[in-house]
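First comes the structure, then the notes that go with it.
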Amino acid sequence: MPYTTNDIKRIEAKWQKYWAEHKTFKVSADPQQPKYYCLEMFPYPSGKIHMGHVRNYTIADVIARFKMMQGFNVLHPMGYDAFGQPAENAAIKNKTDPAQWTYRCIDQMREELKKMGFSYDWDRELATCDADYYKWNQWIFIKMFEKGLAYKRASAVNWCPSCETTLANEEVINGACWRCQTDVVQKQLEQWYLKITHYSETLLEDLNKLTDWPERVRLMQENWIGKSYGCEIYFKVEPAGRQAGTESETIPVFTTRPDTIFGATYVVLAPEHPLVEKLIPGLSQEKKIREFIKKAANESKSARISGDKAKEGMFTGRYALNPVNGEAIPIYIADYVLMEYGTGAIMAVPAHDQRDFLFAKEHKLPLRIVIQNPEAPSLKVHDLKQAFEGEGNLVNSKQFDGMDNESAKEKIAQWMSVNPPVAGGETSPAGRGANKMGKVTVHWRLRDWLISRQRYWGTPIPIVYCIEKCRRDGKNFMWPVSEEDLPVKLPKNLQITGQGGSPLTKSAEFIHAKCPKCGGAAIREFDTMATFFDSSWYFLRFCSPRDDKQVFDKKEAAYWMPVDQYIGGIEHAILHLLYSRFFTKFLKDLGLVNFAEPFTRLLTQGMVLKDGEVMSKSRGNTVDPDEVIAKFGADTLRLFILFAAPPEDQLEWNDSAMEGSWKFLNRVWNTVENRYQPAERADSAVLDRADKDLERERHSAVKKFTENMQKGFKFNTAISAAMILLNAVDQYKADGHSKVKQYYLNEAIKTLVLLLAPMTPHICEELWQMMGQKESIARVSWPSYNEAALEQDTAAIVVQINGKVRGKFDVPAAISEAELKKIILADAKIQQYIGGKAVQKYIIIPKKLVNIVI
RNA sequence: GGGCAAGUGGUGGAAUGGCAUACACGCAGGACUUAAAAUCCUGUGGCCGCAAGGCUGUGAGGGUUCGAUUCCCUCCUUGCCCACCA
């Protein structure tokens with residue numbers, strides 16, 4: 001039979017049908033069997049799969065099939081992250097319903113995935129937009145609400161004017177919306193948050209457990225959580241002349257540099273700081289300050305954080321007292337201080353902080369040097385061209401003078417946390433430290449997660465607001481929907497226009513509800529959940545996807561979880577992976593799971609490039625997997641992707657290398673077809689040199705292939721081991737009349753097909769059948785190797801003189817050192833290189849190398 | 001500005017202290033063919049040499065070592081992440 005595109009198409013279709021009909025990859029929990037949960041990040045169903053998907057899922061499929069052959073009970077599911085804005089945008093554009101569009105895309109995507117021959121247990125397929133999935137989103141939300149971990153709060157939030165919705169901090173990239181790149185603005189809104197900060201400490205701490213995660217993902221999460229040790233210092237506000245006697249306000253500032261406290265020459269509040277309202281009324285410049293605050297608020301986030309922007313600010317007219325020396329310093333409002341970090345207020349030390357330095361120069365504010373550079377010890381204020389941010393010894397700092405600033409950080413923080421302000425009087429706000437100058441604190445960069453979205457195509461937040469009795473009684477009127485009323489279903493067939501806010505606000509059918517408390521009239525919350533909520537626990541749902549009684553089956557989850565190998569793009573290093581870790585910790589606290597981390601091992605696959613650039617629709621340099629499959633078949637595509645680069649590295653698309661993969665499979669095919677002959681088991685006692693060499697090549701290929709699969713999934717070098725075996729088989733001259741030779745040839749060919757089975761499953765199934773086997777190759781045991789068969793009789797010894805290669809010797813493998821030396825020194829060429837000089841020593845690495853030092 | 005990763009033939013890549021360039025792609029030459037495709041064989045880092053062979057070579061410079069692509073230091077370049085984070 002020839003090897004043509006049509007044959008390949010027929011073979012691939014045949015085996016895809018076989019796997020589907022025989023449910024080859026259907027699994028169930030079996031405590032007698034070791035489990036392996038292999039999971040790829042499920043796709044957003046946009047219809048067509050792209051090369052990034054193909055690479056991601058091919059890597060996962062090879063791992064799943066390899067583990068299956070190694071005897072594991074492998075869970076390998078697939079689903080769709082199906083809620084989200086693209087469905088709404090498509091619905092607006094095509095005047096259809098987001099649900100219709102999404103399910104059509106899912107159908108299309110499923111077909112494409114099947115064409116790749118992936119080993120999914122299709123009976124577990126799920127889509128997050130199914131009511132029987134998002135019902136459990138709502139259930140989890142209510143549990144969080146009950147524990148105080150889901151709450152509603154008004155504050156300045158990130159708002160994307162184009163998507164007309166709020167965004168989480170994690171979704172703002174360089175001040176712009178992650179989805180549409182529109183500049184994000186700040187807006188004051190009442191929104192739902194999840195209290196991920198409740199787990200800050202353990203999210204950080206447990207990163208240490210994730211030893212099989214890429215180092216850089218752990219670092220990115222560590223930076224994102226951002227634990228910083230520092231000090232909160234209390235600056236008492238001086239009463240304004242007329243208001244003398246009124247209760248004084250205190251400004252807590254956060255700093256990581258308490259060693260510079262004696263150099264503070266002004267205090268700065270963020271424009272949104274709540275204290276501003278209390279400080280400015282009645283001041284002559286009140287109006288101007290309000291204008292400035294308004295201007296700052298309207299500025300887009302990207303403009304505000306851009307590095308080269310001049311720092312703008314205004315003097316409030318008020319002063320604050322530095323607790324360490326009682327000095328009155330001016331209070332400013334400036335846009336370079338961010339409300340969302342620290343306390344939203346800073347002490348400015350212009351001599352030792354570049355941002356403060358620039359602002360001080362601009363506003364002619366004084367500088368004071370409190371750290372002397374040991375390399376230029378007579379630093380003067382008027383010499384400063386920029387802030388001195390280096391290490392040094394303290395000056396102008398009273399009893400701390402002369403101390404190195406690293407020790408001073410700790411000493412001063414300690415001193416402030418036990419002593420009242422030197423200027424006297426009460427300064428610490430209630431609960432922050434009873435009348436002390438400051439306190440040692442820890443600050444986190446991680447913010448609570450804003451999950452409200454003013455969009456239609458998402459999980460409705462299961463909350464109702466009573467508008468009758470509860471509200472009239474004036475107490476709580478916000479209630480979670482009771483469990484038996486879940487799911488709160490999304491209404492169908494709404495008009496999606498993309499304008500005028502969420503379509504849910506206009507659906508009478510949706511809005512009106514009954515108050516779960518008093519039974520009176522109520523209206524529903526019409527915000528939906530961010531889709532990252534959906535994907536934060538889907539891996540648990542895959543353990544029991546059809547369970548309609550509970551969020552997931554505890555027993556099933558206990559067997560399958562945690563995920564042994566998770567595979568996906570680096571772009572989810574923070575968002576999805578952090579949220580999933582948070583959910584797992586919450587579910588552990590609920591007693592539903594008994595592990596703290598959902599993903600034991602993580603592999604982040606590299607991007608697919610073409611012409612040196614990331615393949616993307618907007619660049620127009622995509623290669624359609626469908627077209628490649630039509631021409632070469634799925635196996636060739638899979639092999640190319642695995643062979644072209646290690647999975648973590650970028651992969652450069654190359655058409656001619658694609659043909660190389662085709663050629664290789666063609667050779668494998670021809671070898672089986674032309675050289676495999678049924679033969680009986682033969683006596684190994686009659687092996688000649690060539691047979692032994694072939695056997696050694698076979699065992700060596702199994703060893704190298706298996707080790708490369710196990711140590712970091714180095715598929716490219718595993719494949720090269722298989723290629724070497726094929727080369728050895730092709731070189732091997734089997735005497736057609738010798739049963740012994742045919743037997744060993746058959747063994748080598750069978751091994752080759754088994755090794756390739758996880759990578760190119762269709763063709764290997766077909767070849768396996770051609771070789772007379774009845775069983776699907778997917779369930780055959782992985783081949784083993786024998787160390788003894790790898791032994792060689794002779795060893796090639798490299799001889800170096802002073803580290804330079806000067807000769808090679810074939811010697812018996814078991815030779816003694818003395819004999820080895822004798823043989824080498826007897827060589828005329830070696831003697832010529834030694835040239836009569838005295839040999840200082842011999843470095844001998846057995847079976848490898850001898851270095852003669854002269 | 002801070003952090004991390006990576007720099008090896010014409011190309012993808014291999015070697016993690018012991019023969020640099022495994023395995024492929026590409027290219028060149030040859031066989032088969034009326035011819036082409038396919039397939040097979042040979043060669044393929046650079047320089048010198050008819051050859052045997054020699055010298056040189058893993059971004060640049062230095063160090064450790066009998067021996068460095070591999071470990072350490074400095075620098076350059078590229079990529080990624082974070083960033084008025086106090």
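Every chain is numbered from 1, with letters handed out A, B, ... down the list of sequences.
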Please report, rounded to the nearest Å, how far the [atom2] atom of [N] is from the [atom1] atom of [X].
| X | N | atom1 | atom2 | value |
| --- | --- | --- | --- | --- |
| L639(A) | C23(B) | CG | C1' | 12 Å |
| L820(A) | G18(B) | CG | C1' | 15 Å |
| E171(A) | C82(B) | CD | P | 13 Å |
| R675(A) | C40(B) | CZ | P | 13 Å |
| K804(A) | G53(B) | NZ | P | 17 Å |
| L575(A) | C81(B) | CG | P | 12 Å |
| I719(A) | A22(B) | CD1 | P | 18 Å |
| I641(A) | C25(B) | CD1 | C1' | 16 Å |

Of all the choices, [options], which nucleotide is nearest to the side chain of [X] once you look at every atom?
| X | options | value |
| --- | --- | --- |
| I724(A) | G18(B), C23(B), C84(B) | C23(B) |
| N851(A) | A86(B), G18(B), C82(B) | G18(B) |
| K848(A) | A86(B), U56(B), G18(B) | G18(B) |
| I845(A) | U56(B), C66(B), G18(B) | G18(B) |
| S656(A) | C25(B), U56(B), A86(B) | C25(B) |
| N727(A) | C23(B), C84(B), C55(B) | C23(B) |
| L338(A) | G18(B), A22(B), C84(B) | C84(B) |
| Y833(A) | C82(B), G54(B), A86(B) | G54(B) |

Using the [atom1] atom as the reference point in each nucleotide, state the distance between [N] and [M] in Å, no decimals.
| N | M | atom1 | result |
| --- | --- | --- | --- |
| C48(B) | G59(B) | P | 24 Å |
| G54(B) | C72(B) | P | 34 Å |
| U58(B) | G17(B) | C1' | 15 Å |
| U77(B) | C41(B) | C1' | 42 Å |
| G18(B) | G26(B) | P | 32 Å |
| A51(B) | U64(B) | C1' | 41 Å |
| A36(B) | G45(B) | P | 28 Å |
| U8(B) | A14(B) | P | 12 Å |

Tell me, do L578(A) and L446(A) make a side-chain contact under 4.5 Å, heavy atoms counted?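 In short, these two side chains touch, coming nearer than 4.5 Å.
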Nucleotide-resolved protein contact map, nucleotides 4-13 of chain B, B/S/- at heavy-atom distance under 4.0 Å: S-------BS
Would E171(A) and F532(A) count as a side chain to side chain contact (heavy atoms under 4.5 Å, CB included) if you check the C-alpha gap in whole Å, the side-chain angles of each, and the deciding distance to 0.1 Å? CA-CA 10 Å; E171(A) 293 169 326; F532(A) 280 110; 3.6 Å; yes
Using modelled atom types only, decide if a donor and an acceptor are shared between the side chain of [X] and the backbone of [Y] within a distance under 3.5 Å.
| X | Y | value |
| --- | --- | --- |
| T343(A) | P252(A) | yes |
| T255(A) | C231(A) | no |
| H352(A) | E389(A) | no |

Does A657(A) or Q731(A) map to a spot on RNA chain B nearer the 5' end, using the closest nucleotide for each?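 The answer here is A657(A).
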I want to confirm an ordering. Mapping S661(A) and T256(A) to their closest nucleotides on RNA chain B, which one lands closer to the 5' end?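 The 5'-side residue here is S661(A).
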Can you check whether W662(A) and F640(A) have ring centres sitting under 6.0 Å from each other?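 No, they do not, as the ring centres are separated by 6.0 Å or more.
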Are F359(A) and Y266(A) an aromatic pair, judged by ring center distance below 6.0 Å?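 Yes, they do, as the ring centres are separated by less than 6.0 Å.
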Could you write out RNA chain B as dot-bracket? Rules: Watson-Crick or G-U wobble, both distances under 3.5 Å, brackets [ ] for crossings, | for pairs with another strand, dot for unpaired. (((((((..(((.....[....)))((((((.......))))))((((....))))..(((((..]....))))))))))))....
E571(A), CD: over 12 other non-hydrogen atoms inside 6.0 angstrom: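 Check passes, neighbour count above 12.
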Neighbour count above 12 (heavy atom, 6.0 Å) for K227(A) NZ: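 Yes.
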At under 4.0 Å between heavy atoms, what does R806(A) touch on the DNA or RNA strands: base, sugar-phosphate, or nothing?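 Touches sugar-phosphate only.
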Can you check G9(B) for me, syn or anti if syn means within 90° of 0?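 Syn conformation here, the glycosidic angle of G9(B) being no more than 90° from 0.
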Do the side chains of K714(A) and E707(A) get close enough for a salt bridge, i.e. N-O under 4.0 angstrom?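 No.
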Using only side-chain N and O atoms of R445(A), determine if any of them is under 4.0 Å from OP1 or OP2 of C82(B).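 Checking R445(A) against C82(B): no side-chain N or O falls below 4.0 Å of OP1 or OP2.
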Under 4.0 Å: is that the gap between some side-chain N or O of K663(A) and OP1 or OP2 of C25(B)?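 So the side chain of K663(A) is within the cut-off, an N or O lying under 4.0 Å from OP1 or OP2 of C25(B).
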Hey, what's the ring geometry for F715(A) with F713(A), parallel, tilted or perpendicular (30° and 60° as the breaks)?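 Rings of F715(A) and F713(A): parallel, as their planes differ by under 30°.
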Under the side chain to side chain donor-acceptor pair (under 3.5 Å) criterion, do Y732(A) and D693(A) qualify, and how do the steps go? CA-CA 9 Å; Y732(A) 178 74; D693(A) 284 347; over 6 Å; no
Any donor-acceptor N/O pair under 3.5 Å between C19(B) base and K808(A) side chain: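 For K808(A), whose side chain was compared with the base of C19(B), there is a donor-acceptor pair (under 3.5 Å).
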